[in-house]
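Written out below as structure tokens is the structure these notes cover.
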2 protein chains.
Amino acid sequence: MKRINNKKARKRYKPPTMDDVAELAGVARSTVSNAINDTAPVSKEVKERIFKVIEELQYKPNNLARGLRSNRTQLIGLIIPDINNPFYSEISKGIEKYMNQKGFSVVLCNTDYDLAQEKKYLDKLIQVNVDGLIFITGEQDLNLIAEIHEKSNTRIVFTDRSNSFNNDIPIITIDHKKAMKDMTKYLIELGHKNIAYISEPTSMKTLRDRLEGYKEAFRETGISINNSLILIESVLQTNKIKRGYEITSNFLAQSPLIPTAIITTSDLLAIGAIKAIREKGYRVPDDMSVTGFDDIETASYICPGLTTIKQPLSKMGTLSAKVLVELINGNPVEEKQIILEHQLIARESTCRVKQK
Amino acid sequence: MKRINNKKARKRYKPPTMDDVAELAGVARSTVSNAINDTAPVSKEVKERIFKVIEELQYKPNNLARGLRSNRTQLIGLIIPDINNPFYSEISKGIEKYMNQKGFSVVLCNTDYDLAQEKKYLDKLIQVNVDGLIFITGEQDLNLIAEIHEKSNTRIVFTDRSNSFNNDIPIITIDHKKAMKDMTKYLIELGHKNIAYISEPTSMKTLRDRLEGYKEAFRETGISINNSLILIESVLQTNKIKRGYEITSNFLAQSPLIPTAIITTSDLLAIGAIKAIREKGYRVPDDMSVTGFDDIETASYICPGLTTIKQPLSKMGTLSAKVLVELINGNPVEEKQIILEHQLIARESTCRVKQK
DNA sequence: ATGAAAGCGCTAACAT
DNA sequence: ATGTTAGCGCTTTCAT
């Protein structure tokens, strides 16, 4: 409203209201409402008359008014770190698709892993009166979540990760510890002993779990762990590929011990790592095997195809959405923790260790 | 509302309203409104009192009520084909970021290139009372758009593409014809003559323009075009990499003439193409150069690095958002067509043609 | 500078 | 089965 002085003001088109429909159909407004929402029986003839008028007028209920009255906006919030990361975009796509089918609209919130942003979005979404929200993040402020959970109309579902399972917010994820254990054992079975581990920050529970899985695999096979091969990022950030490249580059440049395999905690990290490895003159997988995590689409198309852990991303999205809709509809959700199956996908980026 | 029979009904927390604030501050509701929105002068003392109460009560204005009254929801719609495609997700990220800064929330709509879905989303967004929307699509129903433009409160901005420039809807894009001409000439200068062209459907104007650029490059350099090397997809679809792989695979299997270079209309297509080329036993770029389009992040990390046309994706998003906000604020937008600069990025997937 | 009052378009409780 | 009525929480005249 800063400038009203643009002469070409848009002609204010007034869309038809429920009153218009009621009048033209010769019934009361509440009858129209009942006809539309099936909230009370309406005779067949009246119904027909009403829907004819609706068709003629191209009447569309005003969601704002509806929401104000009924406390239901058919809006849900989606808080994710980075929509430009295929891991999140694929989950998001699943969520959006399901929600759209169920008549909800999805408000997208991109945090760039910033805790302050998360808080701001949380506030914003409440103010938008979303019926619920799906939260994918590592660094949640649990107090804040609890407060929201209690003080607003908003239902919450976590996807992929949560820092604690001690509340009753549903979470859809996989068994990260098991997954990484599978991967590590797979490499060990290929004869690898010096296996580097490049991880995003273990401030996130999923990543703590994975590290645990890595270690457990060593323990169970009786191979000793070399801590100098474990590299943990300290800060969450968006440019995963670049970070994978940098970490690996630095590591290879200074480590006295060159591993025969590198495990990373995401496909993007792995893509960066492979580039760094090659630049140092090593071949993948002949000199060094590399593994990713997630199984994003590109993982199977890059060269060499990336050995990785497949997370059912789309399904995770769909399920999260489904659970949230149940919650919104007031249906009880028995299973608070939904743990989906992962799968080790062996491609060309890993091979049996060569004679040393 | 299907089942009310879950006993564990949530305790209905009632957030404070503007009336609560007014009462506690000992002023009229309208004064609170004026204080918050700066819509009329309010004395300093009263203002302080009001904001103190707001802080205490943790009062947040209800957007629904606000929107119902003022016809402003601070919601905008984003209609895109595929959030899981880095091209769109990067633009989307730019849009979301800018909009968030400006106090808007973004409603995400993913069409999967389906025209019917686009229509549904358009309706839905109007019903949600978005203040405006950004539309990225090839197959828009122009009548529908015109209708919306006229009959709703909704402002529209196109990003990347539009089938016609004959209306006054702003569009943010690059010069696709020029871009593809640049790329083609670049290959010609490297000595290539038999350059295949793999394109997504030319039902989209941007892709018609690019094809035109390809042809013009040949014309201007006096090299004859071989139509059997031009392959146009007939249907828009999401799985670009897979399609790139299939098209290239089929083409190489049956074409009597094997080109020394392949131009594709997107990086994803190129990634698929490279895989197919290798499977047929050719090397990239030694036997066959390959080019992409867009310059998504992975383009520089795959092996070989992909020669491509850089589109300023993030900027396109930001600018689209900016224009839309101007429109919403009633500010005149002089420049309806914003054509941004592209850039040819030469990487390792192309090289000088070898002696034949 | 502040207050009173109307009403945005709808749902829901109640009455008929 | 249908109508009447009272708000939901806010912005926006219009008075004062």
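Letters A, B, ... mirror the listed sequences (proteins, then strands); counts begin at 1.
We find that CZ of R72(A) is positioned 13 Å from C1' of dT11(C), with the value rounded to whole Å. In this entry the distance linking CE of M18(B) with P of dG9(D) reads 12 Å, nearest Å. The distance between atom CG of D38(A) and atom C1' of dT11(C), rounded to the nearest whole Å, is 15 Å. Between the P atom of dT4(D) and the CG atom of D19(A) lies a distance of 12 Å, rounded to the nearest Å. The CG-P distance, from D20(A) to dC10(C), rounds to 9 Å in whole Å. As rounded to whole Å, 12 Å separates atom P of dC10(D) from atom NZ of K60(B). A straight line from CD1 of I36(B) to P of dC10(D) spans 8 Å, rounded to a whole angstrom. The CG atom of N62(A) sits 18 Å away from the P atom of dG7(C) (whole-angstrom rounding).
Remark on the helix from dA1(C)-dT16(D) to dT16(C)-dA1(D): inter-end axis angle 30°, axes from five-pair C1' superpositions, rounded to 10°.
A heavy-atom distance below 4.5 Å is found between the side chains of I79(A) and L125(A). Within the 4.5 Å cutoff, side-chain heavy atoms of M99(A) are placed close to those of L324(A). A heavy-atom distance below 4.5 Å is found between the side chains of Q74(A) and D131(A).
Comparing atom distances between the R66(A) side chain and each of dC10(D), dT11(C), dT2(C) picks out dT11(C) as nearest.
A donor and an acceptor atom, one from each side chain of N62(A) and N129(B), are located under 3.5 Å apart.
Close to dG9(D), at under 4.0 Å from its OP1 or OP2, lies a side-chain N or O of K14(B). Note on S43(A): a side-chain N or O is less than 4.0 Å away from OP1 or OP2 of dT2(D).
Between the side chain of N100(A) and the backbone N or O of E96(A) there is no donor-acceptor pair closer than 3.5 Å. For the pair N329(A) (side chain) and N331(A) (backbone), a donor-acceptor distance under 3.5 Å is absent. At least one donor-acceptor pair under 3.5 Å links the side chain of D20(B) to the backbone N or O of T17(B).
Here N37(A) lies in heavy-atom contact (under 4.0 Å) with sugar-phosphate atoms only.
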Pairs under 3.5 angstrom only: tabulate donor-acceptor contacts from the side chains of residues 103-110 of chain B to other protein residues two or more places apart or in another chain.
{"residue": "N110(B)", "atom": "OD1", "partner": "I83(B)", "partner atom": "N", "Å": "2.7"}
{"residue": "N110(B)", "atom": "ND2", "partner": "P81(B)", "partner atom": "O", "Å": "3.3"}
{"residue": "N110(B)", "atom": "ND2", "partner": "D112(B)", "partner atom": "OD1", "Å": "3.2"}

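For the residue pair T154(A) and L133(A), the shortest heavy atom distance occurs at CG2-CD2, 3.7 Å.
Comparing A65(A) and A40(B), the nucleotide of DNA chain C nearest to each residue sits closer to the 5' end for A40(B).
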Between N or O atoms, less than 3.5 Å apart, protein on one side and nucleotides 3-6 of chain C on the other: list the pairs.
{"residue": "dG3(C)", "atom": "OP2", "partner": "A28(B)", "partner atom": "N", "Å": "2.6"}
{"residue": "dG3(C)", "atom": "OP2", "partner": "T31(B)", "partner atom": "OG1", "Å": "2.8"}
{"residue": "dG3(C)", "atom": "N7", "partner": "S30(B)", "partner atom": "OG", "Å": "3.1"}
{"residue": "dA4(C)", "atom": "N6", "partner": "S30(B)", "partner atom": "OG", "Å": "3.1"}
{"residue": "dA6(C)", "atom": "N6", "partner": "R29(B)", "partner atom": "NH1", "Å": "3.1"}

